Amino acid sequence: MPKEEKPKIKLAVYWGAACGGCCVSVLDVHEALFTVVEHADIVFWPIALDFKYKDVEEMPDGFIDVTLFNGAVRNSENESMAKLLRKKTKVLVAYGSCAHMGGIPGLANFSNKEAIFNRAYIESESTSNPEKIFPQTHFEVPEGTLELPVIYNDVKALNQVVNVDYFLPGCPPQTERLVEVFMAIVTGAQLPPPGSVVGAYDKSQCDECKRKKSDNKLIKEFKRPWQIKDDGETCFLEQGVICMGPATRGGCGVRCIEGNAPCRGCYGPPPDITDPGAKMMSAIATMIDSNDPDEIEKIIKTIEDPAGTFYRYSLPSSMLRRKFL
Ligand code: SF4
Ligand code: SF4
């Protein structure tokens with residue numbers, strides 16, 4: 001009697017406000033893609049295959065086994081697709097830093113929609129728009145009405161819009177971690193409780209990092225990576241370069257640091273840290289080599305774009321959420 005084949009899982013991949021890197025990272029699994037397609041039928045993946053939104057709308061609720069949703073929620077299209085895919089999916093995964101924490105698009109929360117539109121459509125050096133025309137959400141043409149999504153004032157992480165089952169961090173996630181998590185799902189392995197971060201460790205980058213650390217290094221000036229002659233061995237922070245390692249989960253294989261670049265925090269904070277920016281500010285405060293308030297201020301001013309550095313990937317899901325203008 002022929003062996004009964006295990007039914008394949010139905011897999012969807014979708015992007016919200018994203019750069020495309022997360023979708024590329026799914027393709028980056030190389031030969032493991034054969035393993036993926038052996039276990040899964042791809043039922044929706046706009047960047048790679050010609051499915052339409054109406055195909056998803058026609059699926060019964062819970063029809064898709066796993067959706068990897070990458071990208072933040074920035075506009076009405078992102079939001080309605082997040083809600084639709086939540087309805088149609090058993091296991092919804094926030095895939096990558098943008099879906100996990102708001103990511104790079106979330107830096108827009110340091111500004112607002114009006115200022116961003118003014119900059120993009122009026123003030124930018126390459127723009128000529130004397131009539132001050134902004135993108136319209138509806139525009140009539142002889143063939144009918146053209147529709148564009150409504151851009152929101154706030155960028156949100158996926159779980160600020162719908163319930164998320166798992167968070168797979170990284171910008172983009174390491175493909176090895178994706179394959180591990182995917183195989184755990186298809187083989188029915190014991191998964192952590194819904195709402196957990198998967199494909200990453202609970203310890204910080206510093207726990208994995210091989211660079212040398214001392215206990216009492218004090219800093220008189222912070223520098224950008226190109227301003228130091230990196231010896232390739234000493235902790236970046238101790239060389240005065242901001243490294244988000246103390247406030248960031250391990251799991252990526254410390255790849256940036258192995259490539260002699262400081263950690264930027266894309267894996268998000270470990271479970272014992274609520275706010276990565278606050279953690280970094282307190283870590284850095286202990287390293288400043290002065291008790292004189294004026295000098296302390298001078299040293300702090302040597303940190304280039306502190307808010308953008310400490311919250312590069314996490315502003316929408318941080319305690320701050322946004323800058324109020
Ligand atoms: S997490 Fe990084 S790679 Fe993925 S969509 Fe966002 S910016 Fe791009
Ligand atoms: S701060 Fe950065 S360079 Fe220093 S130990 Fe931590 S991860 Fe390594």
Side-chain angles (χ1 to χ4, degrees), residues 13-28 46-47 68-74 78 93-108 155-158 167-175 177-178 197 199-201 203-215 217 219 222-223 225 228 230-270 273 276 279-284 286-287 309-317:
V13 185
Y14 185 72
W15 54 351
C19 74
C22 278
C23 281
V24 172
S25 78
V26 178
L27 289 171
D28 242 7
I47 196 174
L68 304 176
F69 190 111
N70 68 84
V73 177
R74 211 288 168 260
N78 306 150
V93 180
Y95 184 81
S97 310
C98 297
H100 174 203
M101 301 180 288
I104 297 287
L107 287 170
V155 177
K156 292 184 177 168
L158 184 60
F167 299 87
L168 186 47
C171 180
Q174 292 300 324
T175 44
R177 301 287 94 77
L178 165 62
V197 170
Y201 308 136
K203 291 190 165 178
S204 77
Q205 293 280 328
C206 296
D207 288 309
E208 276 189 82
C209 176
K210 293 192 196 75
R211 287 196 170 226
K212 288 185 226 143
K213 307 140 221 177
S214 57
D215 285 336
K217 182 72 188 170
I219 298 294
F222 290 97
K223 300 193 174 106
I228 62 160
D230 179 27
D231 60 13
E233 291 182 353
T234 308
C235 165
F236 277 112
L237 271 179
E238 296 195 0
Q239 296 184 77
V241 172
I242 301 291
C243 176
M244 289 291 289
T248 305
R249 278 177 189 271
C252 63
V254 280
R255 291 210 180 165
C256 290
I257 291 154
E258 295 281 306
N260 294 326
C263 170
R264 289 305 183 209
C266 72
Y267 264 59
I273 295 174
K279 167 73 183 174
M280 278 312 291
M281 282 184 264
S282 81
I284 278 165
T286 63
M287 299 182 72
T309 302
F310 299 147
Y311 292 101
R312 180 166 302 183
Y313 295 94
S314 62
L315 181 61
S317 55

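Both ligands and their constituent atoms are indexed starting at 1 by order of listing. Computed from a predicted model, the values in this text were never measured in an experiment.
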- Any non-hydrogen atom of Gly71 lying under 4.0 Å from ligand 1? no
- What's the shortest distance from atom 1 (S) of ligand 1 to any protein heavy atom, and which residue and atom give it? Ser97 N, 3.4 Å
- Message: Heavy atoms only: which of Cys235, Gly245, Cys243 lies closest to atom 2 (Fe) of ligand 2?
- Response: Cys243
- Taking the side chain as every heavy atom from C-beta outward, state whether Cys23 and Asn70 have any pair of such atoms under 4.5 Å apart. yes
- Task: Within a distance under 4.0 Å of any heavy atom of Ala18, pick out the atoms of ligand 1 and give their elements.
- Result: 5 (S)
- Query: Does NZ or CZ of Arg211 come closer than 6.0 Å to the centre of the six-membered ring of Phe236, within 45° of the ring's axis?
  - Reply: yes
- Item | Donor-acceptor contact present, side-chain Glu208 to main-chain Gly251, <3.5 Å | yes
- Query: Would one find more than 12 heavy atoms of other residues, nucleotides or ligands at under 6.0 Å from atom NZ of Lys213?
  - Reply: yes
- Query: With side chains defined as the heavy atoms from C-beta onward, is the minimum distance between Lys279 and Pro269 less than 4.5 Å?
  - Reply: no
- Could you check atom 8 (Fe) of ligand 2 against the protein and tell me its nearest heavy-atom contact, residue, atom and distance included? Cys209 SG, 2.4 Å
- Query: In the protein, what heavy atom is nearest to atom 6 (Fe) of ligand 1, and what distance, to one decimal place, separates them?
  - Reply: Cys98 SG, 2.3 Å
- Message: Looking at non-hydrogen atoms alone, which of Ala99, Gly21, Cys22 comes nearest to atom 4 (Fe) of ligand 1?
- Response: Cys22
- Task: For the residue pair Phe69 and Val93, establish whether any side-chain heavy-atom pair is separated by less than 4.5 Å.
- Result: no
- Which of Ser314, Pro169, Cys171 passes side chain to side chain contact (heavy atoms under 4.5 Å, CB included) with Met101? Answer is Ser314
- Query: Does a side-chain heavy-atom distance below 4.5 Å link Ile242 with Ile284?
  - Reply: yes
- Side chain, backbone, both or neither: Val254 near ligand 2, heavy atoms under 4.0 Å: neither
- Item | Proximal atoms of ligand 1 relative to Cys19 (non-hydrogen, under 4.0 Å) | 3 (S), 5 (S), 7 (S), 8 (Fe)
- Query: Under 4.0 Å from any heavy atom of Pro246, which atoms of ligand 2 are there?
  - Reply: 1 (S)
- Query: At a 4.0 Å threshold, what atoms of ligand 1 neighbour a non-hydrogen atom of Gly170?
  - Reply: 1 (S)
- Okay, side chain of Glu238, backbone of Ser214: is any donor-acceptor separation there less than 3.5 Å? yes
- of all protein heavy atoms, closest to atom 7 (S) of ligand 2 is Ile257 CD1, 3.3 Å
- Starting from atom 3 (S) of ligand 2, find the nearest protein heavy-atom neighbour and note its residue, name and distance. Phe236 N, 3.3 Å
- Message: Please classify the Lys213 to ligand 2 contact at 4.0 Å (heavy-atom distances, strictly less than): side chain, backbone, both or neither.
- Response: side chain
- If you measure from each heavy atom of Pro262 to ligand 2, is any distance below 4.0 Å? no
- Message: Between Lys212 and Asp231, does any side-chain N to carboxylate O distance fall below 4.0 Å?
- Response: no
